[in-house]
Amino acid sequence: MKNLNVFTPMDRNKFMTESGLTIVYTGKGKGKTTAALGIALRACGYQKKICMIQFIKGSWHYGEMISSKRLEPDFEMIAVGKGFVGIIDDKNPREDHEKIAGEAIKISKLKIQSGKYDIIILDEVNYAINLGLVKLEDVLDLIKSKPPNLDLILTGNYAKKEIIELADLVTEMKEVKHPFKIGKMAKKGIYF
């Protein structure tokens, strides 16, 4: 009997595709951006070109801002946001968040249409939609207009059903246990 978990090179080719995918990482559990970064790291190993556009995290300092530079020129990260909206230390007017999120949509459209990338990650875009910083229709247009061979990854909680329906792969991160609930603060390299 053939072991189905072991593929020969010929078998493996049956499972490979050049068609671009739309991938969504959503849910209340940790790991959405981390999963997208994992794909970026893997793709860099094959000399793929990746662009990550961050919709919300822009004003905070976090590890991928440093590590992404180590993957250049294959990986480009553009932090556009002004930080998390309405929480912790946010002192920015809502209009500023809306304006910069609109800029992130414009940048995303240019990058998607450029033909220079194999993968584009729209980090926290689902959350930006949920907060009303960007329009669902604008993001749906980005998905529908992507080149056929481009992989497009959308992260963030609260993915809308319309996005889920267009996606090829959707993973919902579910929180089972979290150290914040017992008062442990965020750890460098794990959370940011």
Side-chain angles (χ1 to χ4, degrees), residues 4-57 64 68 71 74-81 101-102 104-176:
L4 298 178
N5 293 323
V6 179
F7 298 112
T8 67
M10 294 280 283
D11 291 335
R12 197 174 300 122
N13 289 338
K14 293 177 190 175
F15 294 98
M16 293 174 63
T17 182
E18 292 301 316
S19 298
L21 300 173
T22 299
I23 300 169
V24 175
Y25 293 118
T26 192
K28 294 183 179 180
K30 184 200 170 327
K32 299 171 287 290
T33 297
T34 307
L37 287 167
I39 287 178
L41 179 64
R42 178 177 284 159
C44 282
Y46 293 105
Q47 290 79 47
K48 302 280 186 181
K49 301 295 182 204
I50 303 105
C51 180
M52 179 179 217
I53 301 146
Q54 295 191 310
F55 276 73
I56 291 179
K57 297 175 184 169
E64 60 261 34
S68 64
L71 298 173
D74 293 330
F75 184 69
E76 175 185 6
M77 189 175 89
I78 304 169
V80 183
I105 288 287
K106 289 178 189 172
I107 292 167
S108 299
K109 185 174 185 176
L110 289 171
K111 296 294 183 179
I112 287 169
Q113 294 175 348
S114 75
K116 294 186 338 187
Y117 301 96
D118 299 295
I119 299 172
I120 293 183
I121 301 166
L122 306 180
D123 188 41
E124 300 289 0
V125 71
N126 293 322
Y127 198 53
I129 295 166
N130 189 62
L131 290 169
L133 301 177
V134 298
K135 294 178 185 168
L136 172 62
E137 296 76 27
D138 291 341
V139 177
L140 292 173
D141 287 344
L142 290 175
I143 296 169
K144 291 174 185 175
S145 69
K146 79 173 190 66
N149 60 337
L150 176 72
D151 293 307
L152 184 63
I153 303 172
L154 296 84
T155 74
N157 201 3
Y158 308 108
K160 301 294 184 193
K161 70 176 177 60
E162 295 89 343
I163 289 175
I164 291 170
E165 287 170 5
L166 282 177
D168 298 294
L169 186 155
V170 179
T171 298
E172 182 177 359
M173 310 306 195
K174 178 183 172 191
E175 181 181 310
V176 175

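Along the sequence shown, residues are numbered consecutively beginning with 1. The basis for the numbers below is simple: all heavy atoms, side chains too, and nothing from hydrogens, waters or symmetry mates.
- Looking at residues two or more places apart in sequence or on another chain, you find no salt bridge (charged side-chain N to carboxylate O under 4.0 Å, His left out) involving Asp118.
- In terms of heavy atoms, Phe55 sits closest to Ala101 at CE2-O, 4.0 Å.
- Side-chain contact check for Cys51 versus Ile78: some heavy-atom pair is nearer than 4.5 Å.
- Shown here for Ser19 and Asp151, the closest heavy-atom pair between the two residues is O-OD1, 4.1 Å.
- When the side chain to side chain donor-acceptor pair (under 3.5 Å) test is applied to Asn157, no partner is found at least two apart in sequence or on another chain.
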Yes or no on side chain to side chain contact (heavy atoms under 4.5 Å, CB included) for Tyr158 and Asn126, after CA distance, side-chain angles and deciding distance? CA-CA 6 Å; Tyr158 308 108; Asn126 293 322; 5.6 Å; no
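- Residues Ile121 and Ala36 come closest through the heavy atom pair CD1-O, 3.6 Å.
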List the steps and the verdict of side chain to side chain contact (heavy atoms under 4.5 Å, CB included) for Met173 and Thr26. CA-CA 6 Å; Met173 310 306 195; Thr26 192; over 6 Å; no
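- A donor-acceptor contact under 3.5 angstrom links the side chains of Thr155 and Asp123, judged on distance only.
- Closest of all the heavy-atom pairs between Ile50 and Ala40 is CD1-O, 3.7 Å.
- Applying the side chain to side chain donor-acceptor pair (under 3.5 Å) rule to Ser68 yields no partners; only residues at least two apart in sequence or on another chain are considered.
- Residues satisfying the side chain to side chain donor-acceptor pair (under 3.5 Å) criterion with Lys111, sequence neighbours excluded, are Glu76, Tyr117.
- Considering all non-hydrogen atoms of both residues, Glu124 and Ile56 come closest at O-CD1, 3.9 Å.
- Panel note: side chain Thr22, backbone Asp168; no donor-acceptor pair is recorded below 3.5 Å.
- At least one donor-acceptor pair closer than 3.5 Å links the side chain of Lys32 to the backbone N or O of Gly27.
- Between the CG atom of Leu41 and the CG atom of Asp74 there is a distance of 11.5 Å, given to the nearest 0.5 Å.
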Identify every side-chain donor-acceptor pair in residues 130-143 under 3.5 Å, counting partners at least two apart or on other chains, and give the distances.
none

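- Residues Ile53 and Val80 meet the side-chain proximity criterion, which asks for heavy atoms closer than 4.5 Å.
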Criterion side chain to side chain contact (heavy atoms under 4.5 Å, CB included) on Ile23 and Ile39, from CA distance to verdict: CA-CA 11 Å; Ile23 300 169; Ile39 287 178; 4.2 Å; yes
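- Among residues two or more places apart in sequence or in another chain, the salt bridge (charged side-chain N to carboxylate O under 4.0 Å, His left out) test is passed with Lys48 by none.
- Ile153 is not listed as a side-chain neighbour of Ile120, based on a closest heavy-atom distance of 4.5 Å or more.
- Distance alone, capped at 3.5 Å, places no donor-acceptor pair between the Lys116 side chain and the Gln113 backbone.
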Using side chain to side chain contact (heavy atoms under 4.5 Å, CB included), reason through Val24 and Thr171 one step at a time and then give a plain yes or no. CA-CA 6 Å; Val24 175; Thr171 298; over 6 Å; no
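- Contact record, Leu122 with Ser108: CD2-OG, 3.3 Å, taken as the closest heavy-atom pair.
- Of the inter-residue distances, the one linking Met52 atom CE with Met77 atom CE reads 7.0 Å to the nearest 0.5 angstrom.
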